[in-house]
Amino acid sequence: MTAPGSGVMMPEDTSSMLERAASVQARIRQGGRWYPAMMTVYAVVTVALVTWLPLVRSNWAGVAFAVVAVAWAVVIFAWKRGKGVRPARSRDTRRWLIPWVVLYSTGVFWFGPTYLGRAVGWWALMGVVVASPAFVEATRAWLRVRR
């Protein structure tokens with residue numbers, strides 16, 4: 001509310017607006033608490049999938065790997081769509097997704113086959129490196145919504 005004819009807000013209005021803004025901010029933080037957990041699960045599943053790759057030695061194992069990877073992607077993105085609070089900008093997603101894609105592609109298609117062979121332990125370590133952008137995003141998101 002403004003003082004008649006002045007265009008200046010009254011102190012009661014500003015305090016109630018600040019209270020409403022704080023309430024909205026709290027609801028958004030509460031609604032966004034699923035995101036750090038999803039990113040942590042995404043990172044852990046990345047480590048598991050990268051670790052599984054050297055064990056894929058037959059056509060059936062390759063088919064099983066592909067089915068699990070695609071099913072995982074479908075489930076996580078379908079679940080994410082049902083959430084009311086999501087990252088506000090696609091730039092926030094690109095900040096972790098582009099490094100993840102680069103690390104995954106480089107690791108799985110070049111570094112792993114060239115240098116790691118079928119050593120599952122080394123592939124697991126590479127999985128942690130590949131998943132690091134998702135772990136960083138989970139930490140960043142958790143720090144944002146924990147207040």
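Keep in mind that what you see is a predicted model, and the values were worked out from it rather than measured. Just so it is clear, the values below take in all heavy atoms, side chains as well, and ignore hydrogens, waters and symmetry mates.
- Centroid-to-centroid, the aromatic rings of Trp96 and Tyr42 come within less than 6.0 Å.
- With sequence neighbours left out, Val136 forms a side chain to side chain contact (heavy atoms under 4.5 Å, CB included) with no residue at all.
- Val63 and Leu53 end up in different hydrophobic clusters when Ile, Leu, Val, Met, Phe, Trp and Tyr side chains are linked at under 4.5 Å.
- Take Arg140 and apply the side chain to side chain contact (heavy atoms under 4.5 Å, CB included) test, not counting sequence neighbours, and it matches Asp92, Arg95, Glu137, Arg144.
- Within the model, atoms CE of Met39 and CD1 of Ile76 stand 8.5 Å from one another, a figure rounded to the nearest 0.5 Å.
- Test Thr51, Leu49, Val44, Val50 against Val47 for side-chain contact (heavy atoms from CB on, under 4.5 Å) and you get one pass: Thr51.
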Output side-chain donor-acceptor pairs under 3.5 Å for residues 111-135, partner residues at least two apart or in another chain, one line each.
from	atom 1	to	atom 2	distance (Å)
Thr114	OG1	Trp110	O	2.6
Arg118	NH1	Pro54	O	2.9
Trp123	NE1	Gly117	O	2.8
Ser132	OG	Val129	O	2.7

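- Contact annotation: the side chain of Trp100 approaches that of Leu97 to within less than 4.5 Å [non-hydrogen atoms, C-beta and beyond].
- Separation of the Trp142 and Tyr35 ring centroids does not fall under the 6.0 Å cut-off.
- Phe77 has its side chain out of reach of Trp72: every pair of non-hydrogen atoms, C-beta onward, lies at least 4.5 Å apart.
- Considering only heavy atoms from C-beta on, Leu55 stays 4.5 Å or farther from Phe65 through its side chain.
- Both Val56 and Phe109 belong to a single network of hydrophobic side chains, linked directly or stepwise wherever heavy atoms of I, L, V, M, F, W or Y lie under 4.5 Å apart.
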